[in-house]
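Within every chain, numbering begins at 1; the chains are lettered A, B, ... in the order of the sequence lines, protein sequences first and strands thereafter.
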Amino acid sequence: MTLVARFTVGGMRIGELAEQAGTSARALRYYEQQGLLSARRTSNGYREYDEEDLRLVREIRALLEIGFNLEDTRPFVECIREGHSSGAECPGSVEVLTRRLAEIDDYIVRLRRIRATIVKELG
DNA sequence: ATTCTAACA
DNA sequence: TGTTAGCA
């Protein structure tokens, strides 16, 4: 990792991508199996990724952390692949976002009711 | 040392 | 998703 050779040049292998995206190599291989991530291979068979892949994985991670499942991230991934700077700029993404919002609202209502009954129990 | 695939005391 | 095995 010399000062010169370490400059965001070529590509990175699965280990580095995982580290920079805050996930595991295992998860990245799984995303690939699910068709969410594309992998180019080097002569030795190792997967090679670039900055674009890093952006994509970070997008996926961000969505997962907000409560979406892997399938929910698909439209966002495709959206970015189609050139959009934001994965939320496509109809498919908007639909997923809207559905999640409704789920959250329902959840809030449930929690409020639970809270109310607990307050009663306390007298 | 790192990645690969496949599979699970 | 983690972990591990046996290779390259």
Which comes earlier along DNA chain B counting from the 5' end, the contact point of A:Arg26 or that of A:Arg13, where each point is its nearest nucleotide?
A:Arg13

May I have the distance from A:Met12 (atom CE) to B:dT3 (atom C1'), rounded to whole angstrom?
16 Å

Once you round it to whole Å, what is the distance between C1' of C:dT1 and CG of A:Leu37?
16 Å

What is the distance, rounded to the nearest whole Å, between atom CZ of A:Arg40 and atom P of B:dT3?
16 Å

Close side-chain approach of A:Glu103 to A:Asp106, heavy-atom, < 4.5 Å
no

Spacing between A:Tyr30 atom OH and C:dT3 atom P, to the nearest angstrom:
18 Å

Residue met sooner reading DNA chain C from 5', once A:Leu64 and A:Asn44 are mapped to nucleotides
A:Leu64

Rounded to whole Å, the CZ-C1' distance (A:Arg29 to C:dG2) equals 12 Å

With a 3.5 angstrom cut-off on both distances, give the Watson-Crick or G-U wobble partner of C:dA8, or none if there isn't one.
B:dT2

Could you state the atom-to-atom distance from CG of A:Leu36 to P of C:dT1 in whole Å?
11 Å

Is there a chain of hydrophobic side chains (I, L, V, M, F, W, Y, each step under 4.5 Å between heavy atoms) that links A:Leu97 to A:Leu56?
no

Considering residues, nucleotides and ligands other than A:Arg115, do more than 12 of their heavy atoms fall under 6.0 Å from its CZ?
no

A:Tyr31 side chain N/O closer than 4.0 Å to the phosphate oxygens (OP1, OP2) of C:dT1?
yes

For a 4.5 angstrom cut-off between non-hydrogen side-chain atoms, does A:Glu52 reach A:Ile80?
yes

Counterpart base for C:dT1, defined by Watson-Crick or G-U wobble contacts under 3.5 Å:
none

For A:Tyr46 and C:dC7, what is the distance between atoms OH and P respectively, to the nearest whole Å?
15 Å

Report the distance from atom CG of A:Leu17 to atom P of B:dT3, rounded to the nearest whole Å.
11 Å

